[in-house]
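Here the structure is a predicted model, which means the values were calculated and not measured.
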Amino acid sequence: MTQHDSEAVDLVLVGAGIMSATLAVLLKELDPNIRLEIVELQESGAVESSNPWNNAGTGHAGLCELNYTPDSKDGSIDIKKAVTINTQFEVSKQFWAYLTGREGFGSPRDFLNAVPHLSFVRGAKNIDFLKRRFDALKTHHAFEDMVYSEDRATMEEWMPLMMPGRPLDEPIAATRAMNGTDVNFGELTRQMLQYLAVKPGVKMSYFQKVTGLARDGKGWRVEIKNTRDGSSRELNAGFVFLGAGGAALPLLQMSDIEEGKGYGGFPVSGQWLRCDNPEIVKQHQAKVYSLAAVGAPPMSVPHLDTRVVDGKTSLLFGPYAGFTTKFLKHGSSLDLPMSIRPGNLKPMLAVARDNMDLTRYLIKEVRQSMNDRLDTLRGFYPEAKAEDWRLEVAGQRVQIIKKDAKKGGILQFGTELVSSKDGSIAALLGASPGASVTVSIMLDLIERCFPEQAKSEAWGSKLAEIFPAREKVLETDAAVYRDVVSKVDKHLGLAD
């Protein structure tokens, strides 16, 4: 095995997905002199979670996701999370609009399409929830254009594929937001990586496995193995970002930083039903979300989605959950057992004890036949035929397990940024709505890990150029929200 001399860079980013690509572009825009290297285990970028067939492609904006607006015991609907995610997604769109005007970046039409977002429910109890949710959301300017209906003729216009064959006496209701999107995060990642690749001081390295992370003065020594020829090398970096999807947890453990101790991961696999029949596809131009089954986790919310990938439109329905011990779709079955440490054993056992409903749900999902999956689909699309649909395996999601003073450990859905006290290393753990709100997460990382630079006049003025309005302003100032969103949508080709 050949051992190469060590190299030095300012930044090492592990994983060539949407997270690393976004952070690398942001930092390179803020400081063109930064030297960085992206190292990726696969043969190219966007192979794992960022691949368009490994995720729902929903531009998560809180428009249709019912689990973002929990129902309280007193009958009130909490819209805080929906508003937060909406404004974070709008910040992402600002960044993409900025890049659209830069030389070397591609067209937004290749990764971004306008697709209405609908919420659909059945039964009197769920209709009551949807109506109260609608009334609560309409009080905020981000959702002022949302429409509610219990009228079957209206819903036939909104979702024509889903209405034929439905019992006439079935109580149903829906909301629709016309400003929803479908995002090909794989194509977006590729465009950002291509934009980066031609810039000086940027290196993309594929078939590279990180085998060691150790402190080296104020920075880090990163040991890397080339999986094709077996050679190894070392990189010395002032800052390391672990953005490798499910593999970020083992890498965080490898770093041995105090802030990363106690974290565990619970991997959940997913599957979709996919339809490419153009006669079926043309009848459904929407992303329609409903409520998760009782006892099911939030990431199992069923939805029937229009997907546009490489210029071709398909339909996806799911997700159907499953379980493997892999942390990546192309990972190892030893990922989960190898992640167990003395520091996270107690939280992981506590989560296992307190989430028996989830365990039973996953066992039920794994045992499903194709006919079982089609029966679930027919709750959305009553006339679905088996010959029009095939099964697709989605990407792995590693849900966060963390310490909790009362319970010992909790299973957390969503994303979490973990960084060292000195800001020299950071890791992103978790899953949805990660890709949609990547830009906000990376801005948080920059402010946390590069505090002095972020407060400087140079970085501040550049950030103001890229982002006309950040989350808090969008959340509280209706006039600014409407103005910025209108301009960004026109720039991205989402509006005339």
Has D335 got a side-chain atom pairing as donor or acceptor with F327's backbone, closer than 3.5 angstrom? yes

Got a salt bridge between D182 and R307, using NZ or NE/NH1/NH2 to carboxylate O under 4.0 Å? yes

Write down the atom of L429, the atom of V418, and the distance for their closest heavy-atom approach. CD1-CG2, 4.0 Å

Partners meeting salt bridge (Lys or Arg N to Asp or Glu O under 4.0 Å) with E465 (sequence neighbours left out): K462

Carefully, step by step, assess T58 and Y289 under the rule side-chain hydrogen bond (donor to acceptor under 3.5 Å, both in side chains). CA-CA 10 Å; T58 302; Y289 275 56; 2.9 Å; yes

For residues 86-104, pull every pair meeting salt bridge (Lys or Arg N to Asp or Glu O under 4.0 Å), keeping only residues two or more places apart or in separate chains. E29-R102, E90-K93, K93-D489

Residues that K402 engages under salt bridge (Lys or Arg N to Asp or Glu O under 4.0 Å), provided they are two or more places apart: E416

Identify each donor-acceptor pair in which a side-chain atom of residues 466-475 lies under 3.5 Å from a protein atom, sequence neighbours left out, and give them as a table.
| residue | atom | partner | partner atom | Å |
| --- | --- | --- | --- | --- |
| R470 | NH1 | E447 | OE2 | 3.3 |
| R470 | NH2 | E447 | OE2 | 3.4 |
| E471 | OE2 | S440 | OG | 2.5 |

For A114 and L494, work out which heavy atoms get closest and say how close. N-CD2, 3.7 Å

For the pair W158 and H284, evaluate ring pair (Phe, Tyr, Trp, His ring centres under 6.0 Å) and give the outcome as yes or no after the intermediate values. CA-CA 9 Å; W158 289 0; H284 187 81; over 10 Å; no

Of all heavy-atom pairs linking P347 and K403, the shortest is CG-CG, 3.7 Å

Any idea how Y98 and F95 line up, ring-wise: parallel (<30°), tilted (30 to 60°), or perpendicular (>60°)? parallel

Tell me the salt bridge (Lys or Arg N to Asp or Glu O under 4.0 Å) pairs involving residues 268-278, sequence neighbours left out? R274-D276, R274-E392, D276-R390

Less than 4.0 Å between a side-chain N and a carboxylate O, is that true for K385 and D388? no

Return the set of residues passing side-chain hydrogen bond (donor to acceptor under 3.5 Å, both in side chains) with S369 (not counting sequence neighbours), or none when no residue passes. D372

Taking ring-ring contact (aromatic ring centres under 6.0 Å, His included) as the definition, give me every residue that meets it alongside F105, ordered by chain and number, with sequence neighbours left out. none

Pair L118, T175 - check side-chain contact (heavy atoms from CB on, under 4.5 Å), show working. CA-CA 5 Å; L118 282 74; T175 58; 6.0 Å; no

F241 and L23: which non-hydrogen atoms are nearest, and at how many Å? CG-CD2, 3.6 Å

Scan for ring pair (Phe, Tyr, Trp, His ring centres under 6.0 Å) pairs involving residues 474-496, sequence neighbours excluded, and state none if there are none. H141-Y481

For S149 versus T154, what's the shortest heavy-atom pair and its separation? OG-CB, 3.5 Å

Side-chain touch D310/D110, heavy atoms, less than 4.5 angstrom: no

Minimum heavy-atom separation for P302 and F317, please, with both atom names. CB-CZ, 4.2 Å

Keeping the roles fixed (side chain from S20, backbone from G15), state whether a donor-acceptor pair exists under 3.5 Å. yes

So which pairs with a foot in residues 140-161 pass salt bridge (Lys or Arg N to Asp or Glu O under 4.0 Å), sequence neighbours left out? E144-R482

Can you list every pair that meets salt bridge (Lys or Arg N to Asp or Glu O under 4.0 Å) and has a residue in residues 77-86, with sequence neighbours left out? none

Sequence neighbours excluded - ring pair (Phe, Tyr, Trp, His ring centres under 6.0 Å) pairs with any residue from residues 159-191: none

Those residues at least two apart in sequence (or on a different chain) that pass side-chain hydrogen bond (donor to acceptor under 3.5 Å, both in side chains) with D483 are K487

